[in-house]
Amino acid sequence: MAFLMTSTYSSAPILFNFKTKILKSIDLNSNQQPTPLNLGPVLPSPPSPSIRRRSFLLLCSSSSLLSEMESSASEGVYPLHRSKTIHLVRHAQGIHNVAGEKDHSAYLSEELFDAHLTTLGWQQVDNLRKHVHASGLSKSVELVVVSPLLRTMQTAVGAFGGEGSADGNDVPPLMAKNTGNSNRPAISSLNCPPFIAVELCREHLGVHPCDRRRSISEYKAMFPAIDFSLIENDGDVLWTADTREKNEEVAARGVKFMKWLLTREEKEIVVVTHSGFLFHTLGAYGDDCHPTLKKEMSKHFNNCELRSVVIVDRSMIGSNPSKTDFPGKIPSGPDVPSDAV
């Protein structure tokens, strides 16, 4: 792990030493006769203007040096293969967002169970898809990780799925026709990254029916090409009707999820998840950053907003070797070049 301990370079001791040296130079250059020791303490005479100017410049230069040292200590250099680029996406507008913005108590309604996207939500997905292709993300992303809820999976396959319809292809579609009242054709799984559902990145668990998932068996029929193999239980055993997951519990789950991402081989990953999960997970990071960066990370996501971040494995969680490092060893044998030539 690489740490630069900024606190070690406190300015107070350094300035104290500088001031001590200045006072000594004043005593040595003074025209006054030395004071007999038996006369008691005597304050030194004020320094001359030239000495004051030199002292001021010395203190300014030391402050500048400290500033540079603190600036460099806030930067980190890490091996490239210990980092990953993560593209975080909040799902598009769901029916629960519309109802909840009008009346927060609506989140308790069973009518919003496993909420699907609105018509506006699908328009947001279409716009995100255009951005994904225009920016080149569609070619660089190696994996799409998605929360196993209807609105997140609709967003994920709509924005990052294959081109065109799945009709007439032998491969299973990412999304079946008209899934979740979408009025959409089937979405192809051709020429796109693999999709995998992970429960660690779900929204707050409990109480709100919109955050309760269907059975995995139902989802497999709706999203045939999404990999659900990491989900152990067919039914939703994590959601409870009477207990809402605490914010700090969501944050802890988010940190666990980020550590899981570091164990993956893929270097560029999309995560399609939820507002609360993103807010509390990112809030657990950034304390070692400039306050402006911390504030930038802690903002709530809009519907269908995408933000890209980099995570660094400083604790050797993953074990993948570098694909770009080169050892540079000189070949052995009789033709080894001589350093003397």
Open item on the list: If I take atom SG from residue Cys304 and atom CD from residue Gln123, how far apart are they, to the nearest 0.5 angstrom?
Closed with: 11.5 Å

Task: Candidates Val157, Leu128, Val89 - the one meeting side chain to side chain contact (heavy atoms under 4.5 Å, CB included) with Val272 - done: Val89

- [ ] Check ring pair (Phe, Tyr, Trp, His ring centres under 6.0 Å) between Tyr285 and all other residues, then give those that pass, not counting sequence neighbours.
- [x] none

Task: Residues that Glu232 engages under salt bridge (charged side-chain N to carboxylate O under 4.0 Å, His left out), provided they are two or more places apart - done: none

- [ ] Applying side chain to side chain contact (heavy atoms under 4.5 Å, CB included) between His91 and each of Val146, Asn97, Val125, Thr273, report the one that passes.
- [x] Asn97

Task: Any donor-acceptor pair under 3.5 Å from Asn178 side chain to Asn183 backbone - done: yes

TODO: Could you tell me whether a side-chain N or O of Arg90 sits under 3.5 Å from a main-chain N or O of Gly276, the two making a donor and an acceptor?
DONE: no

Open item on the list: For Asp288, give me all partners under salt bridge (charged side-chain N to carboxylate O under 4.0 Å, His left out), at least two apart in sequence or on another chain.
Closed with: none

- [ ] Go through the steps to decide whether His81 and Thr324 satisfy the test side chain to side chain contact (heavy atoms under 4.5 Å, CB included), and finish with yes or no.
- [x] CA-CA 8 Å; His81 69 286; Thr324 58; over 6 Å; no

TODO: Compare all side-chain heavy atoms of Leu88 with those of Leu282 and state whether any distance is below 4.5 angstrom.
DONE: yes

Task: Donor + acceptor pair across side chains of His133, Glu163 (<3.5 Å) - done: yes

Open item on the list: Between Asp126 and Arg184 (salt bridge meaning N to carboxylate O under 4.0 Å), is one present in this structure?
Closed with: yes

Task: Residue pair Leu108, Val207: steps toward the side chain to side chain contact (heavy atoms under 4.5 Å, CB included) verdict - done: CA-CA 7 Å; Leu108 300 175; Val207 180; 3.5 Å; yes

Open item on the list: For the OG1 atom of Thr263 and the CD1 atom of Ile317, what is their distance to the nearest 0.5 Å?
Closed with: 8.5 Å

- [ ] Examine distances only and state if a side-chain atom of Ser109 and a backbone atom of Glu111 form a donor-acceptor pair shorter than 3.5 Å.
- [x] yes

Task: Exercise: identify the closest heavy-atom pair between Ala115 and His96 - done: CB-ND1, 3.3 Å

Task: Main-chain N/O of Tyr219 paired to Arg214 side chain as donor or acceptor, under 3.5 Å - done: no

Open item on the list: Within this structure, what is the CG-OG distance for the pair Leu117 and Ser182, rounded to the nearest 0.5 Å?
Closed with: 8.5 Å

TODO: Indicate the atoms forming the closest heavy-atom contact of Glu305 with Asn302, along with that distance.
DONE: OE1-N, 2.8 Å

TODO: Taking all non-hydrogen atoms of both residues into account, name the closest pair between Leu205 and Trp239 and its distance.
DONE: C-CD1, 4.3 Å

Task: Chi angles and distances behind the side chain to side chain contact (heavy atoms under 4.5 Å, CB included) call for Arg307, Glu296 - done: CA-CA 11 Å; Arg307 295 185 208 162; Glu296 180 181 336; over 6 Å; no

- [ ] Treating Ile, Leu, Val, Met, Phe, Trp and Tyr as nodes and any side-chain heavy-atom pair under 4.5 angstrom as an edge, say whether Val198 and Ile86 lie in one connected cluster.
- [x] yes

Open item on the list: With rounding to the nearest 0.5 angstrom, report the OG1 to NE2 distance, Thr155 to His274.
Closed with: 9.0 Å

Task: Results of side chain to side chain contact (heavy atoms under 4.5 Å, CB included) for Thr179 - residues two or more places apart only - done: Leu150, Met175, Ala176, Met222, Phe223

- [ ] Run the numbers on Cys192 and Phe160 for side chain to side chain contact (heavy atoms under 4.5 Å, CB included), then give the verdict.
- [x] CA-CA 7 Å; Cys192 66; Phe160 297 94; over 6 Å; no

TODO: For residues Pro193 and Glu142, determine if any side-chain heavy atom of one lies less than 4.5 Å from a side-chain heavy atom of the other.
DONE: no

Task: Check: Glu110 main-chain N/O paired with Arg212 side-chain donor or acceptor under 3.5 Å - done: no

Open item on the list: Between Trp122 and Ala92 (side chain of the first, backbone of the second, donor and acceptor by atom type, cut-off under 3.5 Å), is there such a pair?
Closed with: no

Task: Ile226 with Trp260, same ILVMFWY side-chain cluster at under 4.5 Å - done: no

Task: Closest approach of Arg82 to Gly318 (non-hydrogen atoms, all atoms of both residues) - done: NH1-O, 3.2 Å

Task: Any donor-acceptor pair under 3.5 Å from Lys267 side chain to Thr85 backbone - done: no

Open item on the list: A side-chain contact here means heavy atoms from C-beta on lying under 4.5 Å apart; do Asp227 and Pro194 qualify?
Closed with: no

TODO: Could you tell me whether Arg253 and Glu199 make a salt bridge, using a distance below 4.0 angstrom between a side-chain N and a carboxylate O?
DONE: no

Task: Donor-acceptor pair, side chain of Glu266 and main chain of Leu143, under 3.5 angstrom - done: no

Task: Arg314 side, atom CZ; Ser83 side, atom OG - distance, nearest 0.5 Å - done: 12.5 Å

TODO: Could you pull out all residues at least two apart from Asp236 that satisfy salt bridge (charged side-chain N to carboxylate O under 4.0 Å, His left out)?
DONE: Arg202

TODO: Please name all residues satisfying salt bridge (charged side-chain N to carboxylate O under 4.0 Å, His left out) with Lys294, sequence neighbours left out, ordered by chain then number.
DONE: Asp287

TODO: Before accepting this row, confirm whether a basic side-chain N of the pair Arg244/Glu249 lies closer than 4.0 Å to the acidic partner's carboxylate O.
DONE: no

Task: Pairwise distance NE2(His204) to CG(Asp211) - rounded to 0.5 angstrom - done: 9.0 Å

- [ ] May I ask you to test the Ser138-Val132 pair for a side-chain heavy-atom distance under 4.5 Å?
- [x] yes

TODO: Please check if Val98 and Leu149 belong to a single hydrophobic cluster, counting links between Ile, Leu, Val, Met, Phe, Trp and Tyr side chain heavy atoms closer than 4.5 Å.
DONE: no

TODO: Check whether Phe301 and Tyr107 end up in the same hydrophobic cluster, where Ile, Leu, Val, Met, Phe, Trp and Tyr are linked by side-chain heavy atoms less than 4.5 Å apart.
DONE: no

Open item on the list: Taking Val271 as the starting point, is it possible to reach Ile196 by hopping between hydrophobic residues whose side chains are less than 4.5 Å apart?
Closed with: yes

TODO: Please name the pair of heavy atoms, one in Gly161 and one in Leu174, separated by the smallest distance, quoted to 0.1 Å.
DONE: CA-CD1, 3.5 Å

Open item on the list: Closer than 3.5 angstrom, by distance alone: can the side chain of Ser298 be matched with the main-chain N or O of Lys295 as a donor-acceptor pair?
Closed with: no

Open item on the list: Quick test of your reading of the model: are Asp234 and Arg213 salt-bridged, counting only N-O distances below 4.0 Å?
Closed with: no

Open item on the list: Any side-chain to backbone donor/acceptor pair from Thr152 onto Ser147? Under 3.5 Å, distance only.
Closed with: yes

Task: Closest contact, heavy atoms only, Phe277 versus Leu200 - done: CE1-O, 3.2 Å

